[in-house]
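In the text below, chain A, chain B and the rest are named by the order of the sequence lines, each starting its count at 1.
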Protein chains: 2
Amino acid sequence: MLSKHSHFVVPLCHDKQTSFLNIPTTVSPSSTAVVYDQHGPPDIVTRFTEIPPVEINENDVCVRMLAAPVNPADINRIEGVYPVRPPVPGTGGWEGVGEVHAVGSTVKVLSPGDWVIHSAYLPGTWQTYVVEDESLWYKIDKSTPIEYAATVSVNPLSALRMMEDFVALKPGDTIVQNGATSIVGQCVIQLARDRGIHSINIIRDKPESDEVKEKLIKLGADKVFTESELEVKSIKNLLDDIPEPLLGLNCIGGNAATMVIKFLKQGGTMVTYGGMSKKPITISTTSFIFKDISLKGYWLQEKNLDKAQYRCSIDYLLALARAGRLKYEMEMVPFKDFHTALERAMGKHGSRRKQVLKF
Amino acid sequence: MLSKHSHFVVPLCHDKQTSFLNIPTTVSPSSTAVVYDQHGPPDIVTRFTEIPPVEINENDVCVRMLAAPVNPADINRIEGVYPVRPPVPGTGGWEGVGEVHAVGSTVKVLSPGDWVIHSAYLPGTWQTYVVEDESLWYKIDKSTPIEYAATVSVNPLSALRMMEDFVALKPGDTIVQNGATSIVGQCVIQLARDRGIHSINIIRDKPESDEVKEKLIKLGADKVFTESELEVKSIKNLLDDIPEPLLGLNCIGGNAATMVIKFLKQGGTMVTYGGMSKKPITISTTSFIFKDISLKGYWLQEKNLDKAQYRCSIDYLLALARAGRLKYEMEMVPFKDFHTALERAMGKHGSRRKQVLKF
C-alpha cells in the first residue's frame with residue numbers, strides 16, 4: 001500500500017472529498033510535500049506543493065512528520081537511476097519519524113501523540129502529514145533523539161543486518177571494511193565494539209586522515225589504515241594480535257575492495273553494498289579456489305526483512321542511540337529549507353554530513 | 001594415514017623387515033613406483049624406483065593398482081606450486097583403481113580380487129602395490145570400465161558436487177559454464193541432461209569450433225557459444241525459451257567468467273574451480289547489490305566430503321559410466337611409458353586427452 005498523500009495526489013483526494021457528501025468521516029490536515037512530476041536532476045524536478053486533506057479510514061493512522069533524512073538513494077530514485085523506479089508523479093523521502101496526529105475508528109495499538117516510523121519501505125516521508133494503514137507503522141520510544149529515530153531504518157539497520165546475515169560472528173572475531181567514515185561504516189565500528197568484535201577500517205588518503213583516524217578510534221575502531229598504508233608486501237603483518245577477519249564490507253569497489261579481500265581469512269566473505277569509486281571489483285580465481293573466499297551483495301530494499309526481526313533490530317539500534325553508544329553526525333535543516341539540504345546532500349556545498357529535514 | 005609405500009620409502013621398510021625376526025607377518029610384494037625426491041619440473045624430477053616389501057598389518061589391505069590418471073593437479077603438486085605441498089620425497093598420483101591383493105587378519109569387508117578406490121585423497125597411486133588401512137579403501141563394482149573407475153573421484157565428482165552443493169537445482173532449471181570442453185565441463189553437460197537441467201556452454205574460439213559444438217550437443221548440451229558469439233548487446237536474447245541460469249561454473253577467469261556472470265539470473269551464483277586463462281575475474285559492484293550475484297569457489301581437496309555422501313556420489317557416477325551415460329575421452333598408456341603420458345599431460349605433444357596409466 002502506498003501513502004495516500006504521496007502517489008495519488010489531487011484526483012484521489014477529490015474523489016474522497018466527494019464522498020463527504022454521504023458519509024461523515026475524519027480527514028487529515030492538508031499536507032505540504034516535496035514532489036516531483038518526472039525523473040531528473042532532483043534540485044530541478046522537485047517542488048513544494050500543498051496536498052488537500054485525505055480521508056482517514058477506520059484502519060488508517062494520520063502521522064505528522066517530525067523529521068526525515070535526505071539519503072543518497074532518495075536522490076537516485078528521483079533521478080530515475082535507481083534500479084527500482086518509483087512511478088511519477090511522486091513524493092520524495094523513504095524514511096523518517098512522525099507523531100500520530102489522528103487514528104481511524106478501529107485502530108487500537110496507536111494513539112495520538114505516539115512516535116512512529118514506517119514498518120516497511122514506502123515513499124513519501126518528505127511531507128508534513130502522511131496517512132497510511134496502521135499495519136505500516138511501528139511505535140518507537142519517544143525518548144529517542146529525533147534525528148536517530150528519523151535515520152535508523154536505512155544506514156544503521158544495513159550495518160546491523162550485514163553483520164548478522166552473512167557470517168556468524170562471535171566476540172573476539174574481526175570485521176574489515178572500507179568506506180569506514182560513511183555512516184554505515186561508523187555504525188559498523190560501534191556495533192562491532194558493542195559486541196566485542198574487532199574492526200579493521202580502511203579510509204581514503206586525504207590531508208586530514210590523522211584526524212579521521214583519531215575520530216574512528218574514539219568510536220571503537222581497532223585499526224584504521226589509509227589505502228596507501230596498505231601498499232605493503234604482507235598486509236597481514238599489520239594485524240598485530242587481531243585475528244584475521246571472517247567478514248569484509250565493501251562500499252567502494254576497485255582497489256579499496258581488493259584491500260578488504262586481502263585481509264580476509266581463509267573461507268571469509270566480502271559483502272558489497274556500495275560502489276562509490278564506480279570501479280569494479282577484481283579478484284583472482286585462486287582467491288575463490290584455494291582461499292575459499294565468497295563475494296556477496298547486500299541491498300536493504302531487496303531483503304525481505306522479517307517483521308519481528310525488523311522490530312527487534314530497530315529497538316536494539318534505538319536503545320544504543322539513546323544510550324549514546326551509536327553516534328554519527330547529522331545536520332538538521334528546517335523543512336522549508338529543503339532545497340538547501342538537498343544541495344548539501346548532493347555535495348554541492350562541500351558539506352557531506354547527512355541532512356535531516358525537521359518539520 | 002599415508003600410504004606406507006609412498007612416503008616412508010626405504011627406512012621404514014627396513015625397520016619393518018627387522019621385525020620379521022620376531023613376529024611372523026604377511027608382507028606385500030615389492031612395488032614399482034614413480035617417485036620424486038624434490039619439487040621441480042615433473043619430467044625431470046620424477047623417476048621409477050623399486051620399493052621393498054612392507055608389512056601388511058591386521059587392519060591393512062594390500063592393493064595391486066590397475067589404473068591411475070595423470071591429473072593436472074598431480075603435475076602441480078610435483079612442481080610444488082600447489083597450495084598444499086606434499087612432503088618430499090613422495091610418490092606421485094592421487095587417484096586410481098586397484099584390485100585387492102591381500103588383506104590383514106582382521107579385515108572383513110574386503111577380499112582378494114575386489115576392486116577398490118581410495119575413500120580419501122591420498123598420494124601415491126603411481127605404483128604397482130599400495131598398502132593402507134582398510135578404512136581408506138572403498139569397494140566398487142567390477143563391471144565398471146577401468147578407466148572410469150580410475151578417474152571418477154576427481155573430475156566427475158567435482159562436476160557433481162558443484163551441481164549439488166551451492167544451488168538447489170531442479171528439473172527445468174539451467175546451468176551455464178565456460179571451459180565446457182574440459183572433462184569437468186563434459187561431465188556437467190551429461191549430469192545436467194540426466195537430471196533434466198538445461199546447460200549453456202561457452203567454448204573458446206578456434207577453427208574447429210563447429211565440430212566441438214556438435215560434439216557437446218551430442219553429449220546433451222542445450223546451447224554452445226564461442227566467446228566471440230557472446231559479444232552481443234543482449235546476451236539473454238540468445239537463451240530462446242531456456243530459463244536464465246541460477247548456477248554458473250567458471251574454470252577460465254577473465255572475459256569467459258564475465259560471460260558466465262552476464263547469463264546469470266537475479267540471485268544467481270557463480271562457482272570458480274579453475275583459472276585457465278590466468279586472468280582475474282572482474283565484476284561490477286551493482287552485480288552484487290542489485291542483481292544479488294554470489295561468487296564462490298570450489299576445491300575438491302578442501303571439501304570435507306561426508307563419507308556416506310562420497311560413496312553415494314561415486315556409486316551414482318560409476319553407474320552412469322557403466323550405462324554409457326557419462327563419457328569422456330581418455331588415453332590408456334602402459335605404466336612403463338609413464339614419462340610419455342606425463343609429457344602428453346603436460347601438453348608437450350599436442351594431445352590433451354586425459355592420460356591414464358595402466359599397470
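Within 6.0 Å of atom NZ in B:K265, 12 or fewer heavy atoms from other residues, nucleotides or ligands are found, so the atom counts as exposed in its surroundings. Within a 6.0 Å sphere centred on NZ of B:K206, other residues, nucleotides and ligands contribute more than 12 heavy atoms. In B:M276, the CE atom is not crowded: 12 or fewer heavy atoms of neighbouring residues, nucleotides or ligands sit closer than 6.0 Å. At most 12 heavy atoms of other shown residues, nucleotides or ligands fall within 6.0 angstrom of atom NZ in A:K278. Summarising the local packing, NZ of B:K223 is surrounded by more than 12 heavy atoms from other residues, nucleotides or ligands at distances under 6.0 Å. Enclosure of atom NZ in A:K236 by more than 12 non-hydrogen atoms of other residues, nucleotides or ligands within 6.0 angstrom is indicated.
In this structure, OG1 in B:T272 is found 8.5 Å from CD1 in A:I283, a value given to the nearest 0.5 Å.
Counting heavy atoms from C-beta on, the side chains of A:L295 and B:F288 come closer than 4.5 Å.
Across every non-hydrogen atom of A:Y273 and B:I289, the tightest pair is C-CD1, 3.4 Å.
Taking chain A as the reference chain and counting heavy-atom pairs below 4.5 Å, the highest number among B:A257, B:C251, B:S277, B:G275 is found for B:G275. Listed options A:S287, A:P280, A:G254 were ranked by heavy-atom pairs under 4.5 angstrom with chain B; first place goes to A:P280.
Both the backbone and the side chain of A:I281 come within less than 4.5 Å of a heavy atom of chain B. Proximity to chain A is limited to the backbone of B:K279, based on heavy atoms less than 4.5 angstrom apart.
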